[in-house]
Amino acid sequence: MTPVLVVAAAVVDDLDDPRLLLAARRATPASLAGRWEFPGGKVEPGETPEEALHRELREELGVSVGLGVELLGPDGGAWQLSDRYVMRLWFAEVLEGGPEPLVEHDELRWLPAGQWLDVPWLDADVRIVERLTEFVATFSRGERRSVGRSG
Ligand SMILES: Nc1nc2c([nH]c(=O)n2[C@H]2C[C@H](O)[C@@H](COP(=O)(O)OP(=O)(O)OP(=O)(O)O)O2)c(=O)[nH]1
């Protein structure tokens with residue numbers, strides 16, 4: 001069976017110099033409640049992944065965002081979450097709105113640099129947060145600190 005595509009965002013305070021990372025604590029379903037994740041969700045038929053991501057962030061957090069670069073994963077460019085789900089993840093910056101935990105989440109937290117791994121992420125997200133941390137550190141050492149601005 002082809003895995004379902006989930007799209008999500010590493011929302012940071014500033015795409016040009018990311019320090020704070022937004023983590024969202026799941027309220028549902030019971031099996032995932034209390035664990036932290038990247039806001040996002042499944043791509044609906046007829047949507048591009050980027051359209052789905054903008055919709056999910058509006059619905060879940062009440063924000064509109066600008067997208068940065070995609071954090072490519074080891075599984076054909078994506079991140080296998082389980083037998084059923086594969087995820088693609090983009091950096092994003094809030095352009096308008098909250099963010100607030102409107103649905104699915106009961107808490108949002110801006111994690112400071114150096115503390116991005118300090119909440120109990122969903123199991124499949126741990127290696128992604130590790131990669132994200134490395135990626136941002138590499139950028140910060142380079143001349144250009146931006147993690148992009150693509151739409
Ligand atoms: N959004 C999101 N889902 C994740 C992450 N890590 C992870 O394992 N998942 C899993 C949890 C879910 O079993 C699955 C689908 O995500 P979802 O439940 O947010 O999708 P959705 O909002 O479209 O769901 P639904 O309520 O419409 O059914 O992906 C993550 O970082 N973000």
Side-chain angles (χ1 to χ4, degrees), residues 1-15 18-137 139 147-148 150-151:
M1 215 176 67
T2 316
V4 172
L5 179 61
V6 174
V7 291
V11 181
V12 292
D13 55 330
D14 183 356
L15 289 175
R19 286 168 194 270
L20 305 180
L21 171 67
L22 188 71
R25 191 171 68 183
R26 286 197 74 117
T28 58
S31 58
L32 305 180
R35 307 290 291 278
W36 295 75
E37 67 168 13
F38 300 101
K42 301 181 200 80
V43 179
E44 304 284 348
E47 284 180 326
T48 66
E50 287 90 345
E51 285 167 353
L53 184 53
H54 284 288
R55 174 184 53 73
E56 287 283 351
L57 296 176
R58 258 194 323 272
E59 289 173 5
E60 287 187 359
L61 309 177
V63 297
S64 68
V65 299
L67 296 183
V69 296
E70 182 174 359
L71 186 80
L72 295 176
D75 309 311
W79 300 89
Q80 193 79 43
L81 298 175
S82 63
D83 291 348
R84 292 177 55 193
Y85 297 110
V86 65
M87 186 163 81
R88 292 179 62 186
L89 183 83
W90 281 263
F91 283 93
E93 183 183 80
V94 175
L95 299 178
E96 265 182 65
E100 303 280 347
L102 300 178
V103 282
E104 245 180 51
H105 302 120
D106 60 6
E107 189 180 337
L108 301 178
R109 199 175 289 174
W110 287 102
L111 303 172
Q115 296 176 33
W116 288 7
L117 279 159
D118 289 6
V119 293
W121 290 91
L122 291 175
D123 291 340
D125 286 0
V126 172
R127 67 176 181 153
I128 306 176
V129 181
E130 287 170 355
R131 177 72 192 110
L132 204 58
T133 305
E134 278 170 22
F135 186 86
V136 167
F139 260 103
V147 289
S150 65

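Values in this document were obtained by computation on a predicted structure and should not be read as measured data. Just so you know, ligand 1 is whichever comes first in the structure, and atom 1 is the first atom listed for that ligand. Just the heavy atoms: all of them, side chains too, but no hydrogens, waters or symmetry mates, feed the values below.
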Of the protein's non-hydrogen atoms, which lies at the shortest distance from atom 29 (O) of ligand 1, and what is that distance?
Leu81 CD1, 3.7 Å
Has ligand 1 got any nitrogen or oxygen that is less than 3.5 angstrom from a nitrogen or oxygen of Leu32?
no
Determine whether Phe91 and Phe135 satisfy the following criterion, side-chain contact (heavy atoms from CB on, under 4.5 Å), listing intermediate values before the conclusion.
CA-CA 11 Å; Phe91 283 93; Phe135 186 86; 3.6 Å; yes
Check each heavy atom of Met87 against ligand 1 and say whether those closer than 4.0 Å belong to the side chain, the backbone, both or neither.
side chain
Is any side-chain heavy atom of Asp106 less than 4.5 Å from a side-chain heavy atom of Pro101?
no
Got a sec: does the CZ of Arg127 have more than 12 other heavy atoms crowding it under 6.0 Å?
yes
What's the shortest distance from atom 26 (O) of ligand 1 to any protein heavy atom, and which residue and atom give it?
Glu104 OE2, 3.2 Å
Starting from atom 3 (N) of ligand 1, what is the nearest protein heavy atom, named by residue and atom, and what distance separates them?
Glu37 OE1, 3.3 Å
Could you work out, for atom 19 (O) of ligand 1, the closest of Arg26, Glu59, Glu56, Lys42 by heavy-atom distance?
Arg26
Going by the order shown, which atoms of ligand 1 are within less than 4.0 Å of some heavy atom of Gly40?
1 (N), 19 (O), 22 (O)
For Arg88 and Leu53: C-alpha separation, side-chain torsions, deciding distance, then whether side-chain contact (heavy atoms from CB on, under 4.5 Å) applies.
CA-CA 10 Å; Arg88 292 179 62 186; Leu53 184 53; over 6 Å; no
Is there a side-chain contact (heavy atoms from CB on, under 4.5 Å) between Arg26 and His105? Walk through the geometry before answering.
CA-CA 4 Å; Arg26 286 197 74 117; His105 302 120; 4.2 Å; yes
Donor-acceptor check, side chain of Trp36 to backbone of Asp118, threshold 3.5 angstrom: yes or no?
no
Using a strict 4.0 Å cut-off to heavy atoms of Asp125, name the atoms of ligand 1 that fall inside it.
5 (C), 6 (N), 7 (C), 30 (C), 31 (O)
Is there a donor-acceptor contact under 3.5 Å from the side chain of Glu93 to the main chain of Leu15?
yes
Write out the residue and atom name of the closest protein heavy atom to atom 15 (C) of ligand 1, then the distance separating them to 0.1 Å.
Val6 CG2, 3.7 Å
Location of contacts on Phe38 toward ligand 1, heavy atoms closer than 4.0 Å
both
Determine yes or no for a side-chain-to-main-chain donor-acceptor pair under 3.5 angstrom, with Arg58 supplying the side chain and Val63 the backbone.
no
Considering non-hydrogen atoms of the protein only, which is the closest contact for atom 13 (O) of ligand 1, and what is the distance?
Tyr85 CE1, 3.4 Å
